[in-house]
Each structure stands twice: as C-alpha cells, then as structure tokens.
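All values derive from a computational prediction rather than experimental measurement. Order of the sequence lines fixes the chain letters, A, B, ..., with proteins taken first and strands second; residue numbering starts at 1 for each chain. Values below: all heavy atoms of this structure, side chains included; hydrogens, waters and symmetry mates excluded.
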2 protein chains.
Amino acid sequence: MKPTSPERPENHKPASIYDVAKRAGVSIKTVSRVVNRQSNVSDATREKVMEAVEALSYRPNIFARGLASERSFLIGLLYDNPSAGYIAAMQVGVLTRCREEGYHLIVESLDAANPNLGRQVHSLVTESSLHGVILTPPLCDTQAVIDALNRANCPFVRIAPEKHLPGASDVRIDDFKAAYDMTAYLIGLGHRRIGFIKGHPGHGAAQARFAGYRSALEHAGLPLEEELCVQGFFSYQSGLEAGEKLLTLKNRPTAIFAGNDDMAAAVLACSQRYNLKIPHDLSVAGFDDSLVAQVVSPRLTTCRQPIREMAEAAVSMLIQRTATDAPVERQFEHELVVRESTVPPPGAIG
Amino acid sequence: MKPTSPERPENHKPASIYDVAKRAGVSIKTVSRVVNRQSNVSDATREKVMEAVEALSYRPNIFARGLASERSFLIGLLYDNPSAGYIAAMQVGVLTRCREEGYHLIVESLDAANPNLGRQVHSLVTESSLHGVILTPPLCDTQAVIDALNRANCPFVRIAPEKHLPGASDVRIDDFKAAYDMTAYLIGLGHRRIGFIKGHPGHGAAQARFAGYRSALEHAGLPLEEELCVQGFFSYQSGLEAGEKLLTLKNRPTAIFAGNDDMAAAVLACSQRYNLKIPHDLSVAGFDDSLVAQVVSPRLTTCRQPIREMAEAAVSMLIQRTATDAPVERQFEHELVVRESTVPPPGAIG
DNA sequence: AACGCCGATGACAACGCTGCCATCATAACC
DNA sequence: GGTTATGATGGCAGCGTTGTCATCGGCGTT
C-alpha cells in the first residue's frame, strides 16, 4: 500500500471531465451539472461526483468552458495609472469576490489618451469574451472605452464616474458630500480662508469634490475666492506646484484642502520651504486615506472611501448580471478621518 | 453609399475565423497561419488575409485557441500583499510586455500562510493552463507554491527569491551588494554606529540585505552590535516598533538603515517623538525608492531597483520559454539614490 | 519525359465542455 | 389502471481554433 492513492495520476496532465465521470460511474453531463451547481441531480449522485472531483483534483478547464458556453468566468479590470494604493486596494477587493465565485481576473493598464484605446478595449473583450468589466477613473468617463464596451455588448460597472449614464451601473461614494463635510469641518474649526487643490479635470470625482467645497463655503456664508482654488492633477508633483501657488499668496489661506492625499502630502513638503509649521501655521487635509496619509508627518486628516467594499460590490453586480438587467447605482458611505494635520487657525480662541 | 462599410456587421457578434476566411477567399487554416505568423504562406495570400483581418477587426478567440493548442497566451502574476507600490510597478512592467506579445495577464493575490495555498495554485494553473507564472516575494520562496507549479508542469520565474533553486529561473538585483553599498556609503559619511532594521524573516532579499550590511561593517573594521540590529517585517507598523527600540538605546546610533522605505518612513515618524531632527541628529536610509521615499520629509536616501524592467524581463523569459529550456538567473543593477535624509553624523568634521 | 521534392494550401479531427433534446423511471393525477 | 407531470440522467452536436496529414502544382534532376 503506497501512501499516495494509486489512482491519482501524479503526472502533469490534469484530470478531465471524462476521468471524473468514469470514476463516479456517471455521464460527463452529470458531472457538468454537479460542478455547475445545477439542479436535477440526486443527492447520492452529487456526492459520488463530488468525491471523484476531490480525489482527482478536477477543475473544469476554463477554455473549454468559455468556448462551449456564454460564461467565461473572466472579469476584466481596466485602469489608467491612478495612485498605486488606490489600484492595489481595488484589486484586492475584486480578487476577493472573484475567488469566492470561481472567477478569474484579467487586468489591463490602459492610457486614457491613447487614440487606439477603443480598439484595444474592443480587442480585449472580443478575444476573451469577458463576463464583465470594471472601469476605474478616469477610464470610466472615457467615451471611447464605453463605446467599445457597448459595441461588444459587454457589461461593465464604473467606479466613481463623473456622471450617471443611462443604462450604466455605477459604484461610488458621494464625493460632493464628502468634500462638503470636510470643508464644513474646517470651517467649524474656525478657518475662513480655505485653499482648495482641484484634482484632474477629466476626473469626475474631482469635480464633485470641488463643488462640495464651494457649496460648503456658500452655506457658511463665506466667499469663494478665485485665488484660493488652484488646479492640480492628483499627482504629487502637481501638488507641489499648487502648494507653491497657495503658499506664496500675500494673503495666505489658514487651511488647504487637497483633492487627494498625494497632493496634500506635497503641500506638507512645500510648506517646509516657507518655514510653516503644520498644523500650527497651516492646516492641511487630503482625500482617500491612502498609505501616504498615515506615513507623512503630521499624519493627514483625510476622507476614507471603502475602496475594497466598492470593488467587491462591483464584481457582485457583474456576476449577478445586475449590471445589465437593471442598471444600478450603489453609493457607499465615506468617513472623515481626523488626524493631526488640522487644528483651529492661528489666533483662534481655543 | 453609407460611410460605414456595409460588410462590417455592427452587431455584437465578433468576427470569427470563418468570416475572415470567406472575405479573403482562403481556408480558415490559412488564416490561422497568417495570424500566427507561420511560414509557408505566399506574400499575396498573407496580404489578402491581413486586409480581411483589419476590415473585420478580427481577433482570435482566446478560449478556442487555448483549447485547441498548448498555448494559452495567459501569464499569471501571483503575489501576497507586499507594498502596493511594489506590486503596482511590477504589474505595469508585466503588462507592458504582455501587450507587446499579445498575451493577457491573470493576477491572483494569495496568502502565503494559507494551508490551501498549494491547492489554490494548482487549481489556477490547471484550470487556465497558464503559459507561465511570475512569483513575487514572499511567494517565490514558498515551497507549496513551487511544488504545485512543478506538479502542474507550469514554467515560472521568480522575482528576488531567497536562494537559487536548481532548474528555476530568477530575476533579481544583488541585494547583498546593494545593502553593502548603502552601508559603505553611510560609513563613508563618517557614521560608526549604524542601526539596521531587518525585513521579514521569510523574505530572502531581506536576509541578503542584512548580510550585506554586516559585510560592509566588517570590511570597515566596525563591530557588529546586536542591539543595533532589530527585527522588522517590512510594514510601516513594524518599522515604528523597531525605530522605538533603536531610538531608546542609551547609546543611540547616528544612522539607521531600514530594510525598506516603509520602515524608514516609520523611523522618521518615530524620531519626531524624541525630538530628533532628521538628518541633523540622525541619518535614515531606506530601500526600494518607492513613492513614500519621495513624499516624506526629508526625502529618503534609498536604493532603487528597476522593478519594471525586472518584470518585463520575467515575462520575456516566460514567453521565449527560456525559463523552462535552460533556467536562467538574470541580475539587474541597483542604484543608490542619495537624498536629504543622510548627512555626516553630528560632530563630524565637514 | 518521368521522377521526386518542396512550398502553398486545404480537409478534417480533436481540444473539454455545455446546451438542447431524448429517454426513462417514478409519482401524482383523474 | 391509464395518463400525464416531474425529476434524474445520458447522447450528441457544436463552440472557434490548431495539429496532422493529404493534395496539388511547379521546378530541378536524371
């Protein structure tokens, strides 16, 4: 008696559905039913088959499956280099759900400015007949991508898109309200001159955040000052430049709210040059609660969005075909994370 | 005359090889030959076929291909949550080469401690008969993964593995030398008491770096002091704890070399508590040149490894089957990146 | 002129699975 | 008891491609 079961072939050809069928003494069709959790299989048969599947470590071949049916068990994740942390978190969430459901993930990094974008997406989708695609910003607002997906009749879910599209499914937080909340928080601390660093103009959430900022000011009866609103592009570098502009104003703001953490971190770096102590001389707030927010000193007050949960939700929508049957918009809650980078303005009471 | 060519069906069924064959007036087999760049096709025929392929935006179906041939055009990237920046850079490099070669990327995030690891990997590989797999640390040193891959007869390339395995292909930098160089640089600045924060014990590169540090000390005739070498785990949190230990020593080091940037950033944060000015009171060096290294203040002196290039090389090895035919070890050059976090020790001349 | 060779091309099976339909036994109905 | 519904199962075609082998013509050789 050898310790390893003799019928388990240790060579490298994986077991096929035929092997399982033979071992279980049923037809391949029945094996298929069991594996796909279909009904109309007796418990006894199901058990026999399961046993054989286990014993042979049988896994249905993804290609054969994809060829024979409409279901590819493949989800696509398309992105265009936003921050590494953002994508990483997203990917973890996506993979979690995929694993649970037996799906696989194909990722593709695209360039939103590439004129061939549409063709690239179309190729990807038709080649591998993806079950569905997840679009992260800024791709979710890129018409060429949407068109290609529609042309290929491929379901997709957009994460944090600029505006709702008829017939499209979205997952998002309320960027407007989140930015509103953060701004209101700063105002509540006593700040009256609050600088804002906008995100990439092509990024929908960036605009919503700016709108939230303006709305909060208005609500508090504070004027919106042109010079306090500078353009950034979500990158650290652009934050450096934006910070430079804001800190060299004759009438400097007492707080700066940046469209994301990377830019806020840049403001921190920038303020050193002007010998400004954070948060004593200047409060700084970011957005995203990425790793940087916790690593810089002082740690950043920021706004956390549940990226992983959002990613998981997107996959679920795709798998359940919710996305296609009845387009949904799912909104998640954000959370204000107050850390050391924000305090009342200099000279304030308390 | 409609502007869009009438023979191009705008419905969502992608063109198949039959459509192309019919349009080009040849057999499907000839189309297959052209698409796969095989020889024995006349130039005239090749051109006709190419024209048809273009016109119909034909792309060979990945499933049919995978089923009919041994080639799956699928590369797997396996990782276990190292730093987001590391994986992101890796992924970009991998995707670049994949795109160029018409391959697709399937990613899977695994847990190195999961007892089911072997089974998971085996499933993935047999299901989708991957062309090859790329293993990042610490997975590249996980026996269960290696075994599963070997059992499935699946080629793989390991990035920065601990030690060479007979018959395995590796891509790496010389971590030993890199750490040696960094340590020597610090010694050159005049430092005599240099703390070291080790990386995760299960991570091969971490050990090589520690060895490099020790060797440089020895070379300079400096003693290796136990209390100056503390254990970390590559995480920010572990860096915080390690920094705490080092900074509370009665005889504090004048420089700290951390096994990666995250931990070095933690030391920066930690030193604030003890009112130490970096780099004036303490020099700090990291490893990886990740985003954090540039974002913290002062910016970190660190060691850059060409992650993207390494990833691209790994894919190339897989595609050319170099990995299987004759296992290779490719070594890339590291680069010392000197920034503001390191200066001569306090009291040094100059 | 007959032969063999080679490059170009096509016919056809096979890849492993699922969808559709047929079959059969058993249970529920009048 | 005969008929119909219902659950369980299997047979078989077909998914779009590639591998194998056959075919066909033209060309160089004897």
Exercise for the section: Would you mind reading off the distance between A/R71 atom CZ and C/dG19 atom P, rounded to a whole angstrom? Expected result: 8 Å
Handout entry: Point-to-point distance, once rounded to the nearest 0.5 Å, from CD of A/Q120 to CG of A/D111
Key = 8.0 Å
Practice task
Inspect the contact between A/E54 and B/R119 and indicate whether a charged nitrogen and a carboxylate oxygen are less than 4.0 angstrom apart.
Solution key: yes
Problem - Rounded interatomic separation in angstrom, taking CD1 from A/I62 and C1' from D/dC15 - result: 16 Å
Exercise for the section: Taking only the side-chain nitrogens and oxygens of B/S42, find out if one of them lies under 4.0 Å from OP1 or OP2 of C/dT9. Expected result: yes
Practice task
Pick base, sugar-phosphate or nothing for B/S39, based on heavy-atom distances below 4.0 Å to the nucleic acid.
Solution key: nothing
Using a cutoff of under 3.5 Å, can you pull out all pairs of nitrogen or oxygen atoms linking the protein to nucleotides 16-18 of chain C, with atom names and distances?
unit_1, atom_1, unit_2, atom_2, d
C/dG16, N2, A/A64, O, 3.4
C/dC17, OP1, A/Y58, OH, 2.6
C/dC17, OP1, A/N61, N, 3.3
C/dC17, OP2, A/I17, N, 2.5
C/dT18, OP1, A/N36, OD1, 3.4
C/dT18, OP1, A/N36, ND2, 2.8
C/dT18, OP1, A/R65, NE, 3.2
C/dT18, OP2, A/S32, OG, 2.5

Practice task
Could you check how far CD of A/E127 sits from C1' of D/dT17, rounded to whole Å?
Solution key: 13 Å
Practice task
To the nearest Å, give me how far apart CG (A/N40) and P (C/dG19) are.
Solution key: 14 Å
Exercise for the section: Check the surroundings of atom CD in A/Q143: do more than 12 heavy atoms from other residues, nucleotides or ligands lie under 6.0 Å from it? Expected result: yes
Completion exercise
Given the options B/D147, B/T142, B/D141, B/V145 meets side chain to side chain contact (heavy atoms under 4.5 Å, CB included) only with B/T142
Exercise for the section: Apply side-chain contact (heavy atoms from CB on, under 4.5 Å) to the pair B/I134 and B/Y79, showing each step before the final yes or no. Expected result: CA-CA 9 Å; B/I134 296 176; B/Y79 69 91; over 6 Å; no
Practice task
Assess whether side-chain contact (heavy atoms from CB on, under 4.5 Å) is satisfied between A/L110 and B/R99, documenting all intermediate values.
Solution key: CA-CA 10 Å; A/L110 266 16; B/R99 166 104 32 89; 3.6 Å; yes
